[in-house]
Asks: 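Got a structure for you, written out below as C-alpha cells; questions coming shortly.
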Amino acid sequence: MESPDTTPKSGFSSYFNRSLTLNSSSDLAATTAKPLYTAPSLQRGGSIKSLYSSPFGSMVSAGNSLKGKVRKLCSIFESPKLAPTPPKLLPAALDSSNFVADDAPFRLPGTEERVVIYHTSLRGVRKTFQDCHSIRMIFRGFRVSIDERDISMDVAYRKELQRVLGEKRISLPQVFIKGKYVGGADVIRQLLEAGELVRLVKGLPLRPADPCEGCDDMRFAPCGRCNGSRKVFDEEEEERKRCTECNENGLVRCPLCCC
C-alpha cells in the first residue's frame, strides 16, 4: 500500500518564500515614496513665477488690480480732511465792561430802563419760535422789566427793527438791553454761559410777580374804539372807515403794562 505524499507543494512554498516577501515590501515602499503633489505649481520647491502662471495666480493678480482701482476711485471722490476748527470764544466786544460804554453800534432811544426783545409768536419756523421762546424765558427768569415786541402781532415793530439795524432781512429774536443792541439768540446764550448777562441786567427795575390784569402778559388788547374790527363809522360822511388807533390785527398795546 502506497504511503501518502507528505512533501510540500511548490506553490505553497513559493507563496511563503521570505525573499519574495522582502522584494514585495521593498516595491511597496518605493511606490509610496513617490511625491503626493506632482504638479509643479503645488510643489514646495516650485518658483513664484510658476505659481502666478497658474489659474490661481491669475485670480490673485486680478484681485490686486481691482483693489488698486477701488483705492484710486476712493482717493478721487473722498473729500480732503479739514483741520479741526478751534472752539469759539466769547468776543471781547460782548464783555460787560465793553458793553456799558457809549459806543454801542445800535441804540433804541427811550428804553434805557428795560430789556426789549423783538420776537415772533408764530410757529411757522420751528427753530425761530424755539429761539424766541427760550430767550424770553431766560430774561423772565431774571424778573427784570421786559418789553416784548411781537412783530407777528404788529408789523410796525418789524419796520422799527429794520430801521434801527439798517437791514431789510433780519433774524429773530433781537435783544436790546438798556437801550443798547446786544444780539440774537446765540449771543445771549454765550453771555449767559460766561456769566456776563447777569451784569448787563443789573440795576434794571424788577417786573411785578403777578401777570398783567389788562392783557395777561400778552402785551396787546383789542382796540376799544372799533372792538377789533378795524372799521369805524364816520357820521359826517356816513360811511365806514379804517380805524386809526389799532394795528392791522385790530389790536393796541396794553395801556397798563406797555405804557
Side-chain angles (χ1 to χ4, degrees), residues 90 94-101 104 106-158 160-161 164-165 170-225 227-228 245-259:
L90 187 66
L94 297 181
D95 191 4
S96 60
S97 59
N98 298 329
F99 179 78
V100 296
F106 305 105
R107 301 180 66 88
L108 195 62
T111 60
E112 289 77 10
E113 297 296 326
R114 58 183 179 270
V115 177
V116 179
I117 305 175
Y118 289 90
H119 68 99
T120 179
S121 58
L122 296 180
R123 299 172 182 258
V125 182
R126 183 174 182 179
K127 185 180 185 304
T128 301
F129 174 78
Q130 291 178 347
D131 288 342
C132 293
H133 180 73
S134 62
I135 296 304
R136 289 167 59 199
M137 293 301 105
I138 288 174
F139 283 101
R140 286 189 180 185
F142 291 117
R143 296 187 61 185
V144 295
S145 178
I146 305 174
D147 186 1
E148 299 178 359
R149 302 186 176 184
D150 191 349
I151 66 172
S152 62
M153 301 291 285
D154 195 345
V155 71
Y157 289 149
R158 176 184 291 274
E160 179 183 54
L161 182 60
V164 172
L165 298 181
I170 54 177
S171 60
L172 296 176
Q174 297 295 335
V175 179
F176 291 78
I177 300 179
K178 298 179 181 179
K180 302 171 185 177
Y181 177 67
V182 179
D186 295 336
V187 176
I188 297 300
R189 292 192 184 100
Q190 291 180 7
L191 289 171
L192 180 65
E193 294 175 359
E196 298 292 334
L197 192 59
V198 181
R199 301 180 183 180
L200 295 181
V201 300
K202 186 177 181 180
L204 291 176
L206 299 179
R207 63 190 298 266
D210 298 330
C212 177
E213 297 180 357
C215 65
D216 198 18
D217 286 346
M218 295 299 295
R219 303 295 188 268
F220 285 95
C223 178
R225 182 181 180 188
N227 296 323
E245 295 184 5
C246 59
N247 59 14
E248 70 278 3
N249 296 316
L251 302 174
V252 294
R253 293 284 282 177
C254 179
L256 297 180
C257 63
C258 299
C259 55

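In what follows, every heavy atom counts, from backbone to side chain, and hydrogens, waters and symmetry copies are set aside. Quick note: residue numbers are just sequence positions, from 1.
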Asks: Could you pull out all residues at least two apart from Glu245 that satisfy side-chain hydrogen bond (donor to acceptor under 3.5 Å, both in side chains)?
Replies: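 For Glu245, no residue satisfies side-chain hydrogen bond (donor to acceptor under 3.5 Å, both in side chains) once neighbours in sequence are set aside.
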Asks: Is any side-chain heavy atom of His119 closer than 4.5 Å to a side-chain heavy atom of Asp150?
Replies: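 Heavy-atom side-chain distance check passes, below 4.5 Å.
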Asks: Between the side chain of Asp154 and the main-chain N/O of Ala156, is any donor-acceptor distance below 3.5 Å?
Replies: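 Present.
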Asks: Sequence neighbours excluded, which residues qualify as side chain to side chain contact (heavy atoms under 4.5 Å, CB included) partners of Leu122?
Replies: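 Partners of Leu122 under the side chain to side chain contact (heavy atoms under 4.5 Å, CB included) test: Thr120, Ser152.
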Asks: Passes side chain to side chain contact (heavy atoms under 4.5 Å, CB included), Val187 versus Tyr181? Steps please.
Replies: CA-CA 11 Å; Val187 176; Tyr181 177 67; over 6 Å; no
Asks: Quick check: do Arg219 and Cys257 have side-chain heavy atoms less than 4.5 Å from each other?
Replies: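 The answer is yes; the side chains approach within 4.5 Å.
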Asks: Looking at Phe106 and Val164, what are the two nearest heavy atoms and their distance?
Replies: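 Heavy-atom minimum between the residues: CD2-O, 3.2 Å.
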Asks: So, using salt bridge (Lys or Arg N to Asp or Glu O under 4.0 Å) as the criterion, who are the partners of Asp147 when residues are at least two apart?
Replies: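 Expected list: Arg114, Arg149, Arg253.
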Asks: Is there a donor-acceptor pair under 3.5 Å between the side chain of Asn247 and the backbone N or O of Met153?
Replies: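 Checked: pair present.
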Asks: If you take all heavy atoms of Gly184 and Gln174, which pair is closest and at what distance?
Replies: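 Nearest pair, atom of Gly184 first, then Gln174: N-OE1, 3.9 Å.
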Asks: Between Ile117 and Ile146, is there a side-chain heavy-atom distance shorter than 4.5 Å?
Replies: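 The answer is yes; the side chains approach within 4.5 Å.
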Asks: What is the distance from atom CD1 of Ile177 to atom CD of Glu112, rounded to the nearest 0.5 Å?
Replies: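 Here the interatomic distance stands at 13.5 Å.
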Asks: Identify all side-chain donor-acceptor contacts of residues 133-143 below 3.5 Å with residues at least two apart in sequence or on another chain.
Replies:
{"residue": "Ser134", "atom": "OG", "partner": "Gln130", "partner atom": "O", "Å": "3.1"}
{"residue": "Ser134", "atom": "OG", "partner": "Asp131", "partner atom": "O", "Å": "2.9"}
{"residue": "Ser134", "atom": "OG", "partner": "Arg189", "partner atom": "NH2", "Å": "3.2"}
{"residue": "Arg136", "atom": "NE", "partner": "Glu148", "partner atom": "OE1", "Å": "3.3"}
{"residue": "Arg136", "atom": "NH2", "partner": "Glu148", "partner atom": "OE1", "Å": "3.4"}
{"residue": "Arg140", "atom": "NE", "partner": "Glu148", "partner atom": "OE2", "Å": "3.1"}
{"residue": "Arg140", "atom": "NH2", "partner": "Glu148", "partner atom": "OE1", "Å": "3.2"}
{"residue": "Arg140", "atom": "NH2", "partner": "Glu148", "partner atom": "OE2", "Å": "3.2"}

Asks: Is there side-chain contact between Ser145 and Glu113, with heavy atoms separated by less than 4.5 Å?
Replies: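 Answer no - side chains too far apart.
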Asks: Which atom pairs, one a donor and one an acceptor, fall under 3.5 Å between side chains of residues 206-213 and the rest of the protein, sequence neighbours left out?
Replies:
{"residue": "Arg207", "atom": "NH2", "partner": "Asp217", "partner atom": "OD2", "Å": "3.4"}

Asks: Identify the heavy atoms of Phe220 and Tyr157 that sit nearest to each other, and give their distance.
Replies: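 Closest pair (atom of Phe220, atom of Tyr157, distance): CZ-CE1, 3.7 Å.
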